Visitor: 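Let me give you the structure first, and then I'll get to my questions.
First the proteins, then the strands, lettered A, B, ... as listed; each starts at 1. These numbers were taken from a predicted model, which means no experiment stands behind them. FYI, side chains are in, hydrogens and waters are out, and symmetry mates aren't considered; it's all heavy atoms of this structure.
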Amino acid sequence: MVLYLTFKKEALIVSQEIITDVNRVADLMPTWMGKDFAFDLETTGISWVTDSILGIALSIEGERQYYVVHRHNVEQSDDTLVDTTFIPKLTLRHLFLGLFSQSDVKMIAHNSKFDMHFLLRELGIHVQGMLFDTLLASKIIDENKENGLKDLVELYASKIDMDAYAKYQDLPTYKGYKKTEFIGTPLEPAADYAMKDAEATYKLEKFFAKQLADKGLQEAYYDLWQPMIFVLFEMETKGIALNIKMVHDLMEKYQVIEQNAALEVRKAGMEMLLTTYKRLEDIPHLYWSMYRGVMPPFEDEHGPYVMEDGFRVPLMRPTERSAYRVLTFNPGSSAQLNDLVFKQTNIKLPPLVRLKTNKAGQYAVDKDNIETLLYYAGEDRPRILSEILTWKKASKFISTYLKRFIKDADPNNFYSIYTSFNQDGTNTGRLSSSGPNLQNIPSRGDVGQEARQVFIARPQHKLVVGDYSQMELRVMAHYSKDEQLLAAFAENKDLHILTGSAFAQMEYEDLLALYKSGDPRGKELRQLGKTGNFALMYGMGARKFQRYLLVNNGYEITVEEAQQWIDAFNAMYAGATAWKERVRTFILKNGYVKTISGRYRNLPDAFHRERWIRDTAVRQGINAVIQGSCGDIICSAMIGLQPALKALGGSILLQVHDELVTEVPEEQAQVAVVLMDTFMNSYGLVNKLSLPLVAEASVGDSWHDAKG
DNA sequence: GAGTATCGCGCT
DNA sequence: AAAGCGCGATACTC
């Protein structure tokens with residue numbers, strides 16, 4: 001089946017061809033070589049780990065488009081569909097290996113890393129050479145714009161000489177297929193869509209390349225973001241190994257904890273309902289769920305019921321004919337928990353302490369509020385509050401982490417899990433991680449220790465973990481030239497003690513001595529300083545700071561006192577305070593800031609008529625300079641580090657904003673430590689700073705060990 | 001049943 | 001009225 005479509009669009013000839021025949025590809029291939037092209041893979045879904053290729057769309061110089069079909073549904077005469085393979089994978093590999101190995105042509109794609117995964121995993125083709133990614137370019141040109149391909153075509157239609165075309169969701173689908181399944185769309189519209197994507201991608205590159213030059217973003221794009229694609233691609237492909245036995249053990253342990261806590265909470269919840277409401281009919285609909293037990297249920301003089309964990313749980317029927325419903329208290333429901341926590345317990349809080357409220361105006365039933373209640377409950381603190389906290393912690397650990405690990409671990413690669421590191425996930429230029437997110441693995445407390453012990457080096461390997469210390473404060477010192485900060489870093493002072501001394505109106509040396517003497521007050525003040533550094537760097541307000549100290553440090557002060565502490569902080573770091581003022585003025589005048597790589601953070605809200613929206617924009621801008629520059633710096637280090645580690649037989653596995661987790665053959669561990677030191681502390685963008693950064697690397701068999 | 005909004009919580 | 005994320009569960013809508 002060969003289909004030619006050629007039509008005129010203004011003066012431009014657009015040609016499309018669906019190719020299902022091996023020989024046709026072989027004939028055309030020589031005409032494709034040596035020319036810039038855009039490519040776009042169509043796949044069964046959006047997971048590069050589990051989904052597979054359906055076809056390859058190409059745009060040769062934006063003029064001729066092809067859709068090379070690997071697999072698609074074919075309609076039979078009896079209207080049934082047959083999933084048909086046209087050009088087999090092995091053939092595709094032979095046909096396309098040369099094309100993707102060219103070093104002298106531009107290969108353009110939208111979110112190229114995604115396509116590269118399929119090309120490698122399914123066709124064994126390692127994309128090398130001059131890659132241009134229109135998603136990244138769009139993001140770097142304007143981080144506030146939508147950067148989906150269709151959004152961009154709509155946005156820039158006139159610039160790239162293309163009309164908007166049907167969105168994916170608007171394509172026709174065969175019966176029984178979801179809108180998200182490419183194979184569920186008839187071949188012609190599907191291929192047309194794919195080829196337009198490729199064509200648009202090709203044309204966008206021309207426009208974006210010029211934009212990058214015009215806006216002075218070439219360095220940021222070509223030297224930082226584009227090379228990062230290859231670094232991240234290798235990290236993602238490698239994955240990180242799990243101690244799967246330990247995951248299962250933890251699962252068992254925490255399931256017991258969760259179940260025990262759930263039972264207590266459910267009991268307390270039921271009791272609350274039955275005492276609050278005299279009649280079952282008055283208990284809100286929220287608490288009645290479908291009864292799925294044996295029929296008919298028990299019945300006594302109070303009505304139908306069921307026994308659960310040795311307790312009588314009532315059933316009811318809204319009408320005589322409707323199904324039984326069973327009274328349920330679900331600790332995972334914030335609405336239900338709210339009733340239990342705030343109607344049942346009667347804890348008096350000091351007037352200066354305010355609980356957090358949610359959007360609906362209700363008191364939130366989150367960890368912070370419950371801890372605050374517990375703190376003020378005095379002697380007879382309701383045991384149920386701590387049970388709720390126990391349940392929350394255990395269920396979070398199980399559902400978000402343990403379950404996911406068991407589901408995703410790859411038995412063919414030492415039970416590794418694969419994540420995606422996204423370069424377009426943030427507006428500041430940090431990376432984000434998804435599917436699963438490996439940047440929010442617990443790190444504190446028992447759960448943190450257990451969670452990170454699960455991440456291990458493969459056999460005969462070691463994990464080498466490098467960590468910048470005080471990265472954001474150091475970058476702040478660079479930008480602000482704050483004397484206190486610069487001196488403190490130069491003299492290797494303890495920043496938390498320094499800030500703590502400002503709060504306590506003490507001399508640095510005195511607090512240091514107190515801390516070193518082991519006096520609990522020294523420790524407490526250092527902890528306070530630590531909280532302060534974290535909270536105040538970007539200008540947390542007095543209210544929030546007060547709450548924050550209460551929750552984090554159990555420190556009870558008035559809003560006025562909180563304000564005094566903030567003033568003390570701002571006075572101590574006067575240079576930083578002045579710098580923030582200068583940035584504020586700049587943002588309100590210009591509506592943007594730049595990071596150390598020259599990347600922009602645009603803040604249109606700086607011109608908003610409402611004061612607090614402008615203030616938010618200013619805080620975001622100050623944050624973006626610091627956070628974004630940190631992001632740039634660690635990426636720059638990774639670009640140097642990655643090939644160096646590779647030469648040792650190692651690789652970078654994870655990046656967690658100021659931390660790199662790497663893996664090397666065990667005999668190379670000490671060499672890797674030196675490499676990490678070299679690249680994190682003195683390679684690339686870090687050299688632009690007026691003070692050194694300090695990153696230290698250490699070796700271990702697990703993520704936890706290597707940091708301990 | 002699928003999709004969406006909200007809440008809540010893990011990380012730096 | 002710190003910033004920046006991703007994700008899971010529930011409640012609700014279509």
Visitor: Please determine whether a side-chain nitrogen or oxygen atom of A/Arg601 lies at a distance below 4.0 Å from atom OP1 or OP2 of C/dG4.
Guide: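 Checking C/dG4 against A/Arg601, a side-chain N or O does come within under 4.0 Å of OP1 or OP2.
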
Visitor: Answer with base, sugar-phosphate or nothing: what part of the nucleic acid does A/Arg452 contact at a heavy-atom distance below 4.0 Å?
Guide: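 A/Arg452: backbone/sugar contact only, no base atoms under 4.0 Å.
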
Visitor: Kindly say whether, by distance alone, the side chain of A/Arg619 makes a donor-acceptor pair under 3.5 Å with the base of C/dA1?
Guide: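 Donor-acceptor pair under 3.5 Å: yes.
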
Visitor: Rounded to whole Å, how long is the line connecting atom CG of A/Asn533 with atom P of C/dA3?
Guide: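 Computing the A/Asn533:CG to C/dA3:P distance gives 18 Å.
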
Visitor: When every nucleotide of nucleotides 7-14 of chain C is labelled 5' to 3' by its protein contacts under 4.0 Å (heavy atoms), B for base, S for sugar-phosphate only, - for none, what sequence of letters results?
Guide: SSSSS---

Visitor: For a quick check of understanding: with a heavy-atom distance under 4.0 Å over all strands, which category does A/Ala624 fall into, base, sugar-phosphate or nothing?
Guide: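 Contact class for A/Ala624: none.
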
Visitor: Among B/dT12, C/dA3, B/dG8, which nucleotide has an atom closest to any side-chain atom of A/Asp366?
Guide: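 Nearest to the side-chain atoms of A/Asp366, counting from C-beta on, is B/dG8.
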
Visitor: Just checking, is any N or O donor in the side chain of A/Asn260 or A/Glu264 under 3.5 Å from an acceptor N or O on the other one?
Guide: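 No, no side-chain donor-acceptor contact under 3.5 Å.
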
Visitor: Indicate the ring-plane relationship of A/Tyr287 and A/Phe329, choosing parallel, tilted or perpendicular according to the 30° and 60° boundaries.
Guide: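 Parallel, since the angle between the ring planes stays under 30°.
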
Visitor: Can you tell me the distance, in whole Å, between the CG atom of A/Leu473 and the P atom of B/dT12?
Guide: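 Roughly 15 Å, once rounded to whole Å.
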
Visitor: How many whole angstroms separate atom CD of A/Gln423 from atom P of C/dC5?
Guide: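 To the nearest whole Å, that distance equals 15 Å.
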
Visitor: Classify the side-chain pair A/Ser138/A/Asn147 by whether it contains a donor and acceptor separated by less than 3.5 Å.
Guide: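 Not at all, the side chains of A/Ser138 and A/Asn147 share no donor-acceptor pair under 3.5 Å.
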
Visitor: Let's see if you can work this out: which of C/dG4, C/dG6, B/dT12 has an atom nearest to the side-chain heavy atoms of A/Gln627?
Guide: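 Nearest to the side-chain atoms of A/Gln627, counting from C-beta on, is C/dG4.
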
Visitor: Just how far is it from atom OH of A/Tyr277 to atom CE of A/Met272, taken to the nearest 0.5 Å?
Guide: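 One gets 7.0 Å once the value is rounded to the nearest 0.5 Å.
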
Visitor: Kindly point out which of C/dC5, C/dA3, B/dG8 is positioned nearest to the side chain of A/Ser432?
Guide: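 Comparing C/dC5, C/dA3, B/dG8 against the side chain of A/Ser432, the answer is C/dC5.
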
Visitor: With a cut-off of less than 4.0 Å, is there a side-chain N or O of A/Lys392 near OP1 or OP2 of B/dG8?
Guide: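 No, no such contact exists.
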
Visitor: Can you find a side chain N or O atom of A/Arg444 that sits less than 4.0 Å from OP1 or OP2 on B/dC9?
Guide: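 Checking A/Arg444 against B/dC9: no side-chain N or O falls below 4.0 Å of OP1 or OP2.
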
Visitor: Which part of the nucleic acid, if any, lies within reach of A/Val365 when heavy atoms closer than 4.0 Å are counted: base, sugar-phosphate only, or nothing?
Guide: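 Sugar-phosphate contact only - A/Val365 comes under 4.0 Å of backbone atoms but never of a base.
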
Visitor: For the side chain of A/Asn427, counting heavy atoms from C-beta on, which of B/dG8, C/dG6, C/dC5 is nearest?
Guide: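 So the side chain of A/Asn427 is nearest to C/dC5.
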
Visitor: For A/Phe397, answer base if it contacts any base atom (sugar-phosphate contacts may also be present), sugar-phosphate if it contacts only those atoms, and nothing otherwise; contact means non-hydrogen atoms under 4.0 Å.
Guide: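 No contact.
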
Visitor: Choosing from C/dG4, C/dG6, B/dT12, which nucleotide comes nearest the side chain of A/Gln620?
Guide: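 Looking only at heavy atoms from C-beta outward on A/Gln620, the closest nucleotide is C/dG4.
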
Visitor: Counting only side-chain N and O atoms of A/Arg430, is one of them less than 4.0 Å from OP1 or OP2 of B/dT12?
Guide: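 For B/dT12, OP1/OP2 do not have a side-chain N/O of A/Arg430 under 4.0 Å.
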
Visitor: Indicate every side-chain donor-acceptor pair of residues 618-630 of chain A with a distance under 3.5 Å to a residue at least two apart or in another chain.
Guide:
| from | atom 1 | to | atom 2 | distance (Å) |
| --- | --- | --- | --- | --- |
| A/Arg619 | NH2 | A/Thr616 | OG1 | 3.4 |
| A/Gln627 | OE1 | A/Thr428 | OG1 | 3.0 |
| A/Ser629 | OG | A/Tyr479 | OH | 3.1 |
| A/Ser629 | OG | A/Ile596 | N | 3.1 |
| A/Ser629 | OG | A/Val625 | O | 2.5 |

Visitor: Write down the distance between CD (A/Gln449) and P (B/dC11), rounded to a whole number of angstrom.
Guide: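 Checked: the CD to P distance equals 14 Å.
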
Visitor: Which whole-number value in Å describes the distance from A/Tyr418 OH to C/dG6 C1'?
Guide: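 After rounding, the reported distance stands at 21 Å.
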
Visitor: Classify the ring geometry between A/Tyr254 and A/Phe397 as parallel (under 30°), tilted (30 to 60°) or perpendicular (over 60°).
Guide: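 The rings of A/Tyr254 and A/Phe397 stand perpendicular, inter-plane angle above 60°.
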
Visitor: Using the six-membered ring wherever Trp is involved, compare the ring planes of A/Phe455 and A/Phe405 and label them parallel, tilted or perpendicular (cut-offs 30° and 60°).
Guide: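 Because their plane-to-plane angle is over 60°, the rings of A/Phe455 and A/Phe405 count as perpendicular.
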
Visitor: In whole Å, what is the span from the OH atom of A/Tyr401 to the C1' atom of B/dC9?
Guide: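 Taking atom C1' of B/dC9 as the reference, OH of A/Tyr401 is at 7 Å.
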
Visitor: Distance alone, cut at 3.5 Å: any donor-acceptor contact between the side chains of A/Asp51 and A/Thr44?
Guide: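 Their side chains do contain a donor-acceptor pair, which is all the 3.5 Å distance test asks for.
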
Visitor: Expressed in angstrom and rounded to an integer, what is the separation of A/Trp391 atom CH2 from B/dC7 atom C1'?
Guide: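 That distance rounds to 12 Å.
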
Visitor: Whole angstrom is fine here: how far is it from NE2 in A/His657 over to P in C/dA3?
Guide: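 Taking NE2 of A/His657 and P of C/dA3, I get 16 Å after rounding.
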
